[in-house]
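Report on one structure; see the data block that follows.
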Amino acid sequence: MTIHSVLVANRGEIAVRIIRAAKALGLRTVQVHSQADAGSLAVKLADEAIDIGPAAAKKSYLNIEAVLAAAKAAKVDAIHPGYGFLSENADFAEAVVAAGMKFVGPDAAAIRLLGDKVAARQVAARAGVPTVPGSDGRVSDLTEAAAIVSRIGFPVMIKAAAGGGGRGIRIAHSLEEFERHFPQASAEAAAAFGDGGLYIEKVIEKARHIEVQILGDGTNFVHCYERECSLQRRRQKVWEEAPAAGLPADVRKRLCDSAVALARSVGYSGAGTVEYLYDDASRDFYFIEVNTRIQVEHPVTEMITGLDLVQEMLRIAGGQPLSVSQDDIVIAGHAIECRINAEDPHRGFMPGPGPVETLAVPEGEGIRFDTMLFAGYAVPPFYDSLLGKLIVHGADRDACLAKLRTALAGLGISGIPTTVPLHQALAADADVAAGRFHTRFLEHWLETKFAAPPSGTREVA
Ligand code: ADP
Ligand code: ADP
Ligand code: MG
């Protein structure tokens with residue numbers, strides 16, 4: 001069977017992105033929204049819009065009952081959860097299916113298994129994928145934990161089994177620090193994720209974050225090559241690329257093959273990402289987690305492969321086999337994505353929601369701006385600060401960077417602060433241009449290279 005209609009259980013730029021993909025496939029689109037998003041671009045673009053509650057996400061976008069009631073009222077065939085919100089909630093995926101609809105994503109069992117970062121490590125290990133040295137399972141008491149850290153050596157990371165979004169991670173450099181952090185981390189994880197379970201990993205120093213996009217239809221499994229997301233702040237991605245600069249071909253092959261082996265071992269269905277840390281010096285890579293959803297940075301993969309990953313997800317949810325085989329997927333050129341947030345990079349990344357006065361979007365071949373913005377739109381203060389993503393494609397990395405500098409100069413958002421100046425500075429940096437960076441690079445660069453504007457001046461983004 002194929003699906004004829006889809007409800008978008010998300011907001012912001014990804015809701016707009018899903019609606020466009022669904023329309024391209026001829027599907028009827030239904031957008032649910034909070035009261036704060038009644039005037040959003042996604043609401044304007046969708047065939048139908050349904051108010052599911054107040055601004056607070058818990059009462060709207062995270063309210064399973066309200067989303068399901070809207071889906072039943074609109075008689076849709078499927079629900080696309082986007083990223084964040086309910087996208088990795090196995091109970092939601094199960095409830096969607098129980099209500100007779102398709103969940104656009106893997107089945108609840110796969111979400112449950114891979115969403116638990118400890119269980120996912122075990123799945124990876126069984127599939128022959130190297131994992132970061134660390135605990136075999138959850139670590140519940142300090143004695144057990146101390147034995148593990150003395151085996152793997154400091155520094156170590158204490159991570160929440162249910163963590164995500166860069167949260168629920170702490171570093172300990174000594175046993176004293178570890179003994180102090182461990183109980184605090186457990187209490188915090190319980191409060192933030194409803195699960196206090198912890199595990200331990202060795203810190204891989206100067207690692208690069210490299211991840212592999214996978215697609216599966218339950219029978220066939222392919223990879224769409226890798227993305228590099230090493231430029232991070234607070235363990236959240238800021239700038240992403242595809243492919244990873246200078247990755248040796250044999251490493252690329254092993255990395256991508258291992259992601260496919262993992263997908264095959266669980267009979268994966270839908271789009272997913274297998275994340276790794278990569279050590280340039282030793283050429284070793286280590287599995288860290290699987291994201292069982294579309295990711296924010298998926299467009300860089302689309303730009304180098306020509307695939308439309310959201311359309312692919314919708315087709316798979318409708319029971320169709322993958323539209324491509326591994327041999328059809330080839331890397332053409334290089335793509336970079338800059339996340340544009342409503343934050344002031346010169347003032348500690350303070351969020352600055354509010355009305356957008358004017359909007360100028362760069363255009364041209366190989367330039368894409370995925371956004372929910374329009375002139376006159378007021379960015380609400382209730383949700384994360386992502387405004388859009390500027391994605392640029394070039395024949396090679398140097399051409400891509402050159403085009404990116406021009407595109408950033410042509411991106412004008414007035415009325416609210418944005419991270420455009422940060423990306424302009426990064427795009428002009430010699431280390432970035434040479435591809436010399438790792439996951440701790442940006443934090444150090446922000447302290448040493450990213451100058452504050454002269455005092456007394458007020459930047460208009
Ligand atoms: P990853 O989860 O590996 O970082 P993405 O960057 O694609 O992959 O997605 C980040 C996820 O975290 C998204 O689901 C997004 O909604 C969520 N997220 C983004 N910013 C924040 C934040 N400040 N706090 C918590 N979650 C966030
Ligand atoms: P999340 O679920 O929040 O996305 P991840 O496990 O994917 O958490 O890790 C997020 C980021 O934290 C990574 O991209 C990397 O920068 C850093 N990180 C995670 N594990 C390690 C590790 N063992 N050593 C060094 N850095 C790590
Ligand atoms: Mg991650």
Side-chain angles (χ1 to χ4, degrees), residues 2-53 57 60-63 66-87 92-93 96 101-105 270-271 293-299 301-303 307-318 320 323 337 339-340 356 359 361 368-380 383-384 386-391:
T2 55
I3 54 177
H4 302 286
S5 54
V6 65
L7 179 139
V8 182
N10 213 295
R11 62 175 306 284
E13 66 86 21
I14 195 64
V16 171
R17 165 80 187 88
I18 296 165
I19 291 171
R20 295 214 158 110
K23 289 201 162 189
L25 292 175
L27 306 185
R28 178 168 68 95
T29 54
V30 179
Q31 177 65 52
V32 292
H33 65 88
S34 72
Q35 279 143 22
D37 283 336
S40 74
L41 183 58
V43 165
K44 290 184 210 298
L45 291 176
D47 296 315
E48 203 178 313
I50 301 176
D51 180 335
I52 51 163
S60 48
Y61 298 107
L62 289 171
N63 182 341
V67 173
L68 285 179
K72 285 179 201 160
K75 297 194 163 53
V76 292
D77 300 330
I79 299 184
H80 196 309
Y83 53 69
F85 296 123
L86 297 172
S87 62
F92 177 63
V96 171
M101 293 171 277
K102 303 283 183 188
F103 176 78
V104 184
R293 53 172 165 85
I294 192 74
Q295 273 187 304
V296 176
E297 59 273 21
H298 75 277
T301 299
E302 297 184 327
M303 297 293 259
L307 290 169
D308 185 309
L309 293 169
V310 179
Q311 287 187 26
E312 210 59 49
M313 292 175 88
L314 291 165
R315 283 196 207 97
I316 296 165
Q320 297 177 46
S323 74
E337 170 181 284
R339 295 195 190 196
I340 311 298
V356 173
L359 175 67
V361 176
R368 166 173 166 184
F369 187 50
D370 279 21
T371 190
M372 80 290 216
L373 293 185
F374 53 87
Y377 173 68
V379 177
Y383 311 105
D384 80 53
L386 187 68
L387 298 172
K389 294 138 27 180
L390 178 64
I391 310 111

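The first residue of the sequence shown is numbered 1, and numbering continues consecutively from there. Note that this is a predicted model, so its numbers are computed, not measured.
Within the 4.5 Å cutoff, side-chain heavy atoms of Phe374 are placed close to those of Lys44. Proximity of Val76 to Val6: side-chain heavy atoms (C-beta onward) are nowhere separated by under 4.5 Å. Between Leu41 and Thr371, the closest side-chain pair of non-hydrogen atoms is not below 4.5 Å. Considering only heavy atoms from C-beta on, Leu386 comes within 4.5 Å of Arg339 through its side chain.
Rounding to the nearest 0.5 Å places CD1 of Ile19 at 5.5 Å from CG of Leu45. Once rounded to the nearest 0.5 Å, the distance linking CZ of Phe92 with CG of Leu62 reads 10.0 Å. Distance check, rounded to the nearest 0.5 Å: CG of Leu86 to OH of Tyr61 gives 11.5 Å. Here the straight-line distance linking atom CD1 of Ile18 with atom CG of Leu314 works out to 8.0 Å at 0.5 Å rounding. Atom CG of Asp51 sits about 5.0 Å away from atom NE2 of His33, to the nearest 0.5 Å. We find the CD1-CZ distance between Ile3 and Arg315 to be 10.5 Å, quoted to the nearest 0.5 Å.
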task: Given side chain to side chain contact (heavy atoms under 4.5 Å, CB included), test Asn63 with Ile52 step by step and report yes or no.
output: CA-CA 8 Å; Asn63 182 341; Ile52 51 163; 6.0 Å; no
field: Criterion side-chain hydrogen bond (donor to acceptor under 3.5 Å, both in side chains) on Tyr383 and Ser34, from CA distance to verdict
entry: CA-CA 11 Å; Tyr383 311 105; Ser34 72; 2.7 Å; yes
Worked verdict on Arg20 versus Asp308 for salt bridge (charged side-chain N to carboxylate O under 4.0 Å, His left out): CA-CA 11 Å; Arg20 295 214 158 110; Asp308 185 309; over 6 Å; no
field: Evaluation steps, side chain to side chain contact (heavy atoms under 4.5 Å, CB included), between Val32 and Val8
entry: CA-CA 6 Å; Val32 292; Val8 182; over 6 Å; no
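Side-chain N or O atoms of Asp370 include none that pairs as donor or acceptor with a backbone N or O of Gly388 at under 3.5 Å. The backbone N or O of Thr29 lies less than 3.5 Å from no partner atom in the side chain of Ser5, so there is not a single donor-acceptor pair. At least one donor-acceptor pair closer than 3.5 Å links the side chain of Gln31 to the backbone N or O of Asn10. Looking at Glu312, its side chain does come within 3.5 Å of a backbone N or O of Ser323 through a donor-acceptor pair.
Minimum heavy-atom separation, Tyr83 to Ile294: CB-O, 3.4 Å. The nearest pair of heavy atoms linking Lys23 to Asp47 is NZ-OD1, 3.5 Å. Shortest non-hydrogen contact noted between Pro380 and Arg11 is CG-NH2, 3.5 Å. Nearest heavy atoms, Ala24 versus Gln311: CB-NE2, 3.4 Å. Residues Ala42 and Val16 share a closest heavy-atom pair of N-CG2, 3.9 Å. Considering every non-hydrogen atom in both Val296 and Lys389, the closest pair reads O-NZ, 2.8 Å.
Here Glu337 does not pair with Arg368 in a salt bridge; the nearest charged N to carboxylate O distance is not below 4.0 Å. For the pair Arg17 and Glu302, the salt-bridge criterion is met [side-chain N within less than 4.0 Å of a carboxylate O].
Counted by atom type alone, Thr2 and Gln320 present zero donor-acceptor pairs between their side chains at under 3.5 Å.
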